[in-house]
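Working notes, beginning with the structure itself.
No experiment lies behind these values; they were computed from the predicted model shown. The analysis underlying the following values was restricted to heavy atoms, covering all of them including side chains, and did not include hydrogens, waters or symmetry mates. Below, chains carry the letters A, B, ... as their sequence lines are ordered, and counting in each starts from 1.
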2 protein chains.
Amino acid sequence: MSERRRSPVEPESIEPHMCSLDLRLEIIGKLPFFEGLPPAEIERINQSFREIGYQPGETIFFTGDPAVRLYVVASGKVKLMRHTFTGQDILVDILTPGDVFGSLSTLGDETYPNTAQAQTMVCALAINAEDFRRILATYPTVALKVLDMTSARLNEAQEMVRRLSAHSVEQRIAYTLLKLAEKLGEPQDVGLLIQMPLSREDLAGMTGTTTATASRVISQLQRDGLINSGRQWVAITDVEALREIAEGVGAH
Amino acid sequence: MSERRRSPVEPESIEPHMCSLDLRLEIIGKLPFFEGLPPAEIERINQSFREIGYQPGETIFFTGDPAVRLYVVASGKVKLMRHTFTGQDILVDILTPGDVFGSLSTLGDETYPNTAQAQTMVCALAINAEDFRRILATYPTVALKVLDMTSARLNEAQEMVRRLSAHSVEQRIAYTLLKLAEKLGEPQDVGLLIQMPLSREDLAGMTGTTTATASRVISQLQRDGLINSGRQWVAITDVEALREIAEGVGAH
DNA sequence: CGCTGCCTTGATCTTCTTCAAAACGTGTGG
DNA sequence: CCACACGTTTTGAAGAAGATCAAGGCAGCG
């Protein structure tokens, strides 16, 4: 413990070309829901998008802003949050390349329900909400894929509700770490590293607890040898044991 | 308090015709997402559906069952739940006529993530998941409406996550009652009545607490004159005051 | 009537929050 | 390379909120 390494999370910052015009077609073509579309169509769809780059920590939009655009993560990580009146931020979701956010239902709310913030260097593709609707109406395949993604996220959110309701903080943190590792995990010498800057505060926001408690739990898990962690990063060393905690195998 | 009335919630049971062939077209035509479709198309779509009736308490499908069908609530109320290993049930959502449930994303999970149970007498329209996909692919308007509904529910679920994380039990219960009243409220002499059988256990499941605590909070709210309640029913008498509690205006 | 579920209420105990202070890591500028 | 300063993390002690366990009350129904 004497010589703790620096954060093993790679900066992911020195890649300016990621948001360049050159690669837009490739990025858009690789998006899960445009997959399989003929190149000519992708070319046309491409016209409607414009790319925007964000610095880590930069806010893409705030809760309550008029919901005019829909975004797609092209590269980097975006966190979706909700504010509480007490000033605390709840981390609702973490988005990775291919994920959609912003204004999906033009008919419903006129404002964004969440705040979106760049967690790393981010390249996002933005499209006018109405234009996106037109695309969906034109290509039913795409609409079905977007629907799939949305209902998958609904499912995850409902699962989250269940876990917040019935599980202890330790279980929730264990589960959240596993979920994050599933999405962002990278095998490294420190363990299965969650490839993003992740503070105790973030973790607290995701599990509905405080930084102090999150810190205590993380320390305990580390003492037990299940994880490995430092400033702004966490790596899992014993996935199975962590899963047992998350599912509440011995305790409750 | 000496002479407490019987449950003012209407049974909603003696309407067997609701699930008859005669009214199917009308019901399907009134579904939010088929609205505006030409009658001839509705007639065709109608062919793919079959109706199924359920008794109160009857289970429509369990978590983990193979997800082969998609359902639409035609009449009655359906509750969506998730089980926990401790045996506790979390009430994830309450569905009213027009709501879709069951297998939406045929690509994703092969099993239902939730358990669906009839809360009242229910008439549901069922359709093979693949057939429904075909309909969505054929009528983009419908697909967009379903997408809207789904993302609205996603939004609600995320809001629920926020509230579970940051609010007290009293606030959560107040909020849940308001939400239910919004969906199912009926002005009556006892107050704004939530038109469905709603036990303390249900309420506990929706707010992530125990029946004992839910009961305590309900009693307190009743003592303060904000609500009116009895066995399996709740009515709101002071919406504004309840909203203040839900939003946490004074307390935290 | 008496049975079966709901609902209420009390006492105790655990978990988590809160508040606060100290230690640590990291980047900065000397 | 060192020292400082800032943000993050750790840790402690006290307190509050809610869970748990359990007993009793009340309503509706056979």
Side-chain angles (χ1 to χ4, degrees), chain A residues 1-9 11 13 56-57 84 86-90 163-174 196-205 207-223 227-234 245 248 251-252, chain B residues 1-9 11 56-57 84 86-90 119 163-174 196-205 207-223 227-234 245 248 251-252:
Chain A
M1 221 130 300
S2 53
E3 177 242 329
R4 175 87 56 66
R5 81 188 58 233
R6 293 165 62 100
S7 171
V9 176
S13 43
T84 65
T86 55
Q88 196 191 354
D89 283 338
I90 297 303
R163 300 196 98 92
L164 278 176
S165 300
H167 292 13
S168 70
V169 170
E170 185 185 38
Q171 291 175 311
R172 270 141 50 192
I173 286 190
M196 72 177 263
L198 184 72
S199 67
R200 301 290 180 270
E201 194 177 358
D202 290 331
L203 219 37
T207 51
T209 184
T210 58
T211 56
T213 302
S215 175
R216 277 182 239 273
V217 172
I218 290 290
S219 299
Q220 187 57 50
L221 290 176
Q222 191 156 7
R223 243 172 269 132
I227 66 173
N228 206 336
S229 147
R231 203 185 171 83
Q232 309 252 42
W233 64 272
V234 179
I245 289 183
H252 96 97
Chain B
M1 224 133 298
S2 53
E3 177 241 329
R4 175 87 57 68
R5 81 189 57 233
R6 293 166 59 103
S7 171
V9 176
T84 65
T86 56
Q88 195 190 355
D89 283 337
I90 297 303
Q119 181 85 337
R163 300 194 98 90
L164 278 175
S165 300
H167 291 14
S168 70
V169 169
E170 185 184 39
Q171 291 175 311
R172 270 140 52 191
I173 286 189
M196 71 175 267
L198 184 73
S199 67
R200 300 291 179 268
E201 194 178 357
D202 289 330
L203 219 38
T207 51
T209 184
T210 58
T211 56
T213 301
S215 177
R216 277 182 240 272
V217 172
I218 289 290
S219 299
Q220 187 56 50
L221 290 176
Q222 191 155 6
R223 243 172 268 133
I227 66 173
N228 206 336
S229 147
R231 207 187 169 80
Q232 307 252 43
W233 64 272
V234 180
I245 288 183
H252 97 102

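- Atoms CG and OG1, from A:Leu203 and A:Thr213 in turn, are 11.5 Å apart once rounded to the nearest 0.5 Å.
- Considering CD of A:Gln220 and OG of A:Ser215, their distance stands at 11.5 Å, rounded to 0.5 Å.
- The CD atom of A:Gln232 sits 18 Å away from the P atom of D:dC6 (whole-angstrom rounding).
- Nearest to the side-chain atoms of A:Arg200 among the listed nucleotides C:dC6, C:dC16, D:dT9 stands D:dT9.
- With the nearest nucleotide of DNA chain C identified for both B:Thr211 and A:Arg216, B:Thr211 has the one nearer the 5' end.
- Side-chain N/O atoms of A:Arg231 include none lying less than 4.0 angstrom from OP1 or OP2 on D:dG7.
- A:Arg223 has no side-chain polar atom (N or O) that falls below the 4.0 Å cut-off from OP1 or OP2 of D:dT10.
- To the nearest 0.5 Å, atoms OG (A:Ser165) and CG (B:Asp89) are separated by 11.5 Å.
- The residue among B:Arg172 and A:Ser219 whose nearest nucleotide of DNA chain D is located toward the 5' end is A:Ser219.
- B:Arg163 places no side-chain N or O within donor-acceptor distance of the main-chain N or O of B:Arg172, the cut-off being under 3.5 Å.
- The two residues B:Gly205 and B:Ile90 make their nearest non-hydrogen contact at O-CG2, 3.6 Å.
- Here A:Leu164 contributes atom CG and A:Thr209 contributes atom OG1; the two are 10.5 Å apart, rounded to the nearest 0.5 Å.
- If you take CG of A:Leu198 and P of D:dT8, they are 13 Å apart, rounded to a whole angstrom.
- Look at CD on B:Glu170: it is 18 Å from C1' on D:dA19, rounded to the nearest Å.
- We find that CG of B:Leu221 is positioned 15 Å from C1' of C:dT8, with the value rounded to whole Å.
- Note: CD (A:Gln220) to C1' (C:dC16) measures 15 Å, nearest angstrom.
- Put simply, A:Thr210 has a side-chain N or O that comes within less than 4.0 Å of OP1 or OP2 on C:dT17.
- Rounded to a whole Å, the CG atom of A:Asp202 is 16 Å from the P atom of D:dG7.
- Put simply, A:Thr213 has a side-chain N or O that comes within less than 4.0 Å of OP1 or OP2 on C:dT17.
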Show your reasoning for whether side-chain hydrogen bond (donor to acceptor under 3.5 Å, both in side chains) applies to A:Arg200 and A:Ser229. CA-CA 10 Å; A:Arg200 301 290 180 270; A:Ser229 147; 2.7 Å; yes

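- Atom CG of A:Leu203 is separated from atom C1' of D:dT9 by 13 Å (rounded to the nearest Å).
- Contact between the side-chain N/O atoms of B:Ser215 and the OP1/OP2 oxygens of C:dC6 is not found at any separation under 4.0 Å.
- Rotation axes derived from the C1' atoms of the five outermost pairs at either end of the helix from C:dC7-D:dG24 to C:dG30-D:dC1 lie 40° apart, to the nearest 10°.
- Residue B:Ser199 has no polar side-chain atom (N or O) positioned under 4.0 Å from OP1 or OP2 of C:dC6.
- Rounding to whole angstrom units, CD of residue A:Gln222 and C1' of D:dT9 are separated by 11 Å.
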